[in-house]
Amino acid sequence: MSDFGPVQTRSPVLTVRRVDAYYAITIVAPQVAERFRSGQFISVAVGGDQSSMLLRRPFAIHDVKPDYGGTVEFLFSVRGQGTAWLAERRSRDLLDVVGPLGRPFPLPRDPVNCVLAGGGSGSAVLFPLAQSLRRRGCRVDFVIGAASADRVFSAITARRAAATATFTTDDGSFGLRGRLTDALGQVIEDARSDVVYACGPMPMLREVTAIAGVYGIPVQVSVEEAMACGTGICMSCVIPVVGEDGITRMARSCVDGPVFRGERVRFDDIGTIPFDALGAPGWKAQSGEGGVADREAG
Amino acid sequence: MSDFGPVQTRSPVLTVRRVDAYYAITIVAPQVAERFRSGQFISVAVGGDQSSMLLRRPFAIHDVKPDYGGTVEFLFSVRGQGTAWLAERRSRDLLDVVGPLGRPFPLPRDPVNCVLAGGGSGSAVLFPLAQSLRRRGCRVDFVIGAASADRVFSAITARRAAATATFTTDDGSFGLRGRLTDALGQVIEDARSDVVYACGPMPMLREVTAIAGVYGIPVQVSVEEAMACGTGICMSCVIPVVGEDGITRMARSCVDGPVFRGERVRFDDIGTIPFDALGAPGWKAQSGEGGVADREAG
Amino acid sequence: MSPDMRTRLGRVELDNPVLAASGCAGSGRELAQFFDIARIGAVVTKSVMLEPHAGRPAPRMAETPSGMVSAIGLQGPGVEVFLQRDLPWLMSRGGRAVVSVAGSGVAEYQELARRISGAEGVEMVEINLSCPNPAAQGRHFADDAAEAARIVHAVRSNTRSDIPVFAKLAPDVPDLTALAGACVEAHADGLSMINSVRGMAIDPRTLRPAVAGGMGGVSGPAIRPIAVGCVYEVHTAFPDVPIIGMGGVRTGADALEFLAAGASAVAVGSVNFSDPSACVRILRELEEALAERGVSRVAEVVGAAHRNGGAAPNR
Amino acid sequence: MSPDMRTRLGRVELDNPVLAASGCAGSGRELAQFFDIARIGAVVTKSVMLEPHAGRPAPRMAETPSGMVSAIGLQGPGVEVFLQRDLPWLMSRGGRAVVSVAGSGVAEYQELARRISGAEGVEMVEINLSCPNPAAQGRHFADDAAEAARIVHAVRSNTRSDIPVFAKLAPDVPDLTALAGACVEAHADGLSMINSVRGMAIDPRTLRPAVAGGMGGVSGPAIRPIAVGCVYEVHTAFPDVPIIGMGGVRTGADALEFLAAGASAVAVGSVNFSDPSACVRILRELEEALAERGVSRVAEVVGAAHRNGGAAPNR
Ligand SMILES: Cc1cc2nc3c(=O)[nH]c(=O)nc-3n(C[C@H](O)[C@H](O)[C@H](O)COP(=O)(O)OP(=O)(O)OC[C@H]3O[C@@H](n4cnc5c(N)ncnc54)[C@H](O)[C@@H]3O)c2cc1C
Ligand SMILES: Cc1cc2nc3c(=O)[nH]c(=O)nc-3n(C[C@H](O)[C@H](O)[C@H](O)COP(=O)(O)OP(=O)(O)OC[C@H]3O[C@@H](n4cnc5c(N)ncnc54)[C@H](O)[C@@H]3O)c2cc1C
Ligand SMILES: Cc1cc2nc3c(=O)[nH]c(=O)nc-3n(C[C@H](O)[C@H](O)[C@H](O)COP(=O)(O)O)c2cc1C
Ligand SMILES: Cc1cc2nc3c(=O)[nH]c(=O)nc-3n(C[C@H](O)[C@H](O)[C@H](O)COP(=O)(O)O)c2cc1C
Ligand code: FES
Ligand code: FES
């Protein structure tokens, strides 16, 4: 309907590749490719026409290419039945895809120094971001963390795309032993980073945000909440986020995010309705102004 | 568990062929092939591991071959979502199959003249029967009816396997215009048939049974009732059948059938519980003997 | 020839009988990215409350076989924002709005009815009776037919008379037919059914309830036979009361099932999550199915399952 | 090390907590073609009545998303044949029998209990309360807690005291917890839940109900969240009453869900239709799942979802 919004397509699978612990699927989806901005994701129907799996599975867009009018690649590890089904796709199969979805990463106007921190499959979303940033003349440094060597994401690409690439694994099987957040501070210092971009599990994002705070630099986090619709209609993916007006709202990760300013996300209150959130039980007493509510999340 | 009963196997698809309006799938299933007797069927799980289609789909066994330790072929037309999914299988896919199921056709001891009447895909089950009968020295005549030429089943094989093969189509596009039952009487006369075997829709089976009655010869019908389990545990596939003791019982098509003696099936009462059936409302008053119930259907 | 799809719901006639269900269509804007919102019968709005509402803590949903369990807790901006922002937007796009209202007592429903009835662009009001009644330990209003009737009466008598008021029922109530009867006696112009079915999923990894607060509502194709049964039974008891049927509508054939059971329209819920263009697809499939069987007006099939006597013959 | 799978249901201890559900296991003989019937916890027999019963007219079932609707109408040979033929057969194979009883009034249940209690090889009795009560226009006994309690009392007091009596509940009753409470007060030793959920499918070709008589029972994975919710709620109210949980158990993980919700055993129903070896597969999967999480006794996970407080954290 719109030239900017997401589209729904039946896209043929071009290739399915195995990359260490991950699968990479490339689909032909010109309309998605053309609209894509880094940080956005797609959602894929799984299990075929008579699937018992009602919900789509969201995946970060890892790469878009101009081939065949526009291809889109996403990477995933097999986690449950949906990803198991995806891993069995072959080329020429059709996938029912909706995208691109979500708010993209905001890009800096000036050629600043950017550190990109990705945990596990959360790194996927940072590769197209690195490209966009470099096109704007930004310096890019990667910090990539994973449980083990086979879960480290595209090490070679990361090295190629960035000024430096630092790797951490929990078991020390690749790069530094330890967590991504153990290494991040040093990278920020060495690279004189001006901004952090991060994607990964919620506890990691919280720590990354804290570290950025220590260095007084802004941080953009991309969250991976469970999503029923991905299009903003179901309200299942909410987290408490502080608005520009200082008011906390239950914001939808799928359309108000998945990218948020790290400082705005109330990490400690995720899984709760903070007492001071707009519309929380007992909230009524505090409000007064009429205009306030107008900007709430949904 | 038993050497005679059905088995459950995950069987690789050997070939999927398109034959006019039908699909023919051959699977490698030695244990099914080895146990098979003509008239039996298999049931196939459809839609994959996360299918929303709970129930298996039953199909007559059309052919078994010794290749690869034992193969089984079934034929089907696409009717709904389950058969649509089956039609998309490719070789090497695995099918979850249970079989062989059901009571086979009883074979005559002597080399008598047999007429085999099949309507639509109901003909499938008659081909292995024809083989078995010929091995016993029986004369076989085929009468095959269908809606149109592309639904006539294996005309060439039928001609090869039988003394005569008569075809009818509703639209006259192949063989005689009309219904199978219009031609059956003449075939019985010409071939001096001693017994009729029939498979097809219920109204056809009723008419075939009536015609056999006119000629005073026995008839074995194979019914295709909707089945939830195919193994005798759910009681969903019942039809009223008169037992040897003259008492009507609600018999399970899947294990007490699918082959019944035509005269025993109360065609006019299908879809009802006949008032005189064992255990029908008000039945109690009629009964008295204790032993009777012992032989009921389920 | 394409069939006449118009359907009547009390005093209102809709262009076609496919609606987007409450809470499953956002504000309409989100779905409008995928199709022209004016093409479907109407959009039932997320249930509106008087004040902003933050809803329930996350996690709010889990997938289940052919369905999902969810507990959103009526998150929403409150009636003021709704009337200022969402309703005018729907009107501007030619969408027709069925406004769903939710409250915590008769007074709130009454006040909501007054506010909404005065606004422009309200075609119908749907009363969400599956809201916790603070005066009854959080049991739903729908659990108590007398309480439900009081709410229906309050909304009806505070809504402009040309705006039909439908009561939305849940299946898991003590006596559905009695509840429906109480609503009709309280002058509901029609009934919407069904809301989601109480249920729970437990995360097999953590062994804890997958949705915060434990219980949630089951929705999606899984509940369709339950929903069709409810529509059939209530239509049997009240053949003249129009029904909006819902619960797992995924295809045109599913819509037809509801119409045959006695619904005059259907609403598409959770399936919008998995297929954002579901409403228009279902409408097209329904049109095709009707055309195929030579039906000239959709109204002809409403209640068909009651007229054809008994079950389908065995194939 | 493989976990200790023994589970206690009142006075009886079963080797493991995976049962075949009533009406979904035939006489045991049919499933025995696919696995050794002695390997599962027990077989719950098709509900037995005093006299032979022809059941309902066909068509008796229709497939629905992740489930089915059925109306069999308790076809069966009557208690005499059952005791002469089916029960001895089960015993001869080392199977353990939970005998399900169904009647049309207190007197019939009482007589059944007497007959069954005298037989050898009866481990437990399960009372099917979802039988039409002729004295209440065919509503089920389960719809009336007082009537249900009378039946439970009648069966309990006519059954040998070492044989536990479980009452089997349906979810769509006016007040499930109240019904459970009434059964417990009437000295039921435990509860089985849930029976299938009322529902209907309409054949989109004929537009007539797909099952003769219209309404049937919905079963299969589709109803699992409803069933888990029922078990969770009743276990909350009566934490000491053992429960046999069922409704759409398809995998070991599903069985674990029921145990965590508060069931001491699970019964596999419709999934036996689609996978005749389901019971042993589920048992194996459950064992593996328990071993993986280092659980040494299955009893440890019973009710786990109540102890771990609140919902799973968001991933
Ligand atoms: C915006 C976004 C981007 C993502 N990008 C990637 C990516 O690039 N690569 C990748 O491997 N994974 C990614 N994920 C996670 C991915 O969506 C899940 O791994 C996937 O949905 C699991 O599906 P399943 O059927 O295999 O697992 P199951 O556990 O069987 O799924 C059951 C349900 O839980 C949901 N779910 C399960 N795990 C997650 C999770 N970690 N996050 C969100 N929902 C979950 C599923 O969507 C489904 O609804 C992303 C998630 C989000 C929200
Ligand atoms: C013993 C037996 C042998 C059969 N042999 C053959 C055969 O050799 N070739 C062939 O093409 N068909 C055969 N059929 C019919 C075949 O089983 C159905 O065509 C098939 O189940 C349709 O599945 P579907 O999902 O495509 O249709 P849907 O209509 O979507 O199926 C929905 C449900 O209805 C049942 N059903 C639908 N149509 C029939 C039918 N005609 N008979 C029984 N159940 C039905 C399905 O099994 C399923 O449970 C046989 C049926 C039986 C009982
Ligand atoms: C996430 C979600 C939110 C819902 N919100 C509302 C609501 O605000 N008001 C309401 O009346 N029903 C609400 N419902 C119920 C639906 O409108 C519908 O009655 C129910 O989901 C059954 O339809 P379905 O199976 O097509 O989803 C909601 C359902 C879901 C799944
Ligand atoms: C075909 C069929 C027959 C059944 N017969 C009985 C019965 O005789 N007695 C009974 O208590 N429950 C009966 N049930 C209910 C099951 O035992 C079980 O409670 C219900 O189906 C839910 O479990 P499921 O979803 O695993 O099938 C029957 C269910 C089906 C599907
Ligand atoms: S996933 Fe539905 S609103 Fe975000
Ligand atoms: S199909 Fe289940 S008994 Fe015949």
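Letters A, B, ... mirror the listed sequences (proteins, then strands); counts begin at 1. Excluded from the calculations below are hydrogen atoms, water molecules and symmetry mates; all remaining heavy atoms, backbone and side chain alike, are included.
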Sort D:D175 into side chain, backbone, both or neither according to what part of it lies under 4.5 angstrom from a heavy atom of chain C. side chain

Can any side-chain N or O of D:D144 pair as donor or acceptor with the backbone N or O of D:F141 at less than 3.5 Å? no

Measure from the side-chain N and O atoms of D:R60 to the backbone N and O of D:R56, and report whether any donor-acceptor pair falls under 3.5 Å. yes

Heavy-atom count check: over 12 atoms from other residues, nucleotides or ligands less than 6.0 Å from C:R6 CZ? no

Most chain C-contacting option - heavy-atom pairs closer than 4.5 Å, from D:G229, D:C230, D:P171: D:G229

Whatever's closer than 4.5 Å to a heavy atom in chain C on D:R250 counts as neither

Which residue out of C:S66, C:A227, C:P57 racks up the most heavy-atom pairs below 4.5 Å with chain D? C:S66

Could you tell me which of D:P174, D:G220, D:G252, D:G199 has the largest number of non-hydrogen atom pairs under 4.5 Å with chain C? D:P174

Is the shortest side-chain heavy-atom distance between D:T236 and D:H306 below 4.5 Å? yes

For D:R198, look at atom CZ and say whether over 12 heavy atoms of other residues, nucleotides or ligands are found less than 6.0 Å away. no

Check whether D:V231 gets within reach of chain C through its side chain, its backbone, both or neither, counting any heavy atom under 4.5 Å. neither

May I ask you to decide whether D:E287 forms a salt bridge with D:R284, counting only side-chain N to carboxylate O separations under 4.0 Å? no

Given a strict heavy-atom distance threshold of 4.5 Å, which part of D:E233 is in contact with chain C: side chain, backbone, both, or neither? side chain

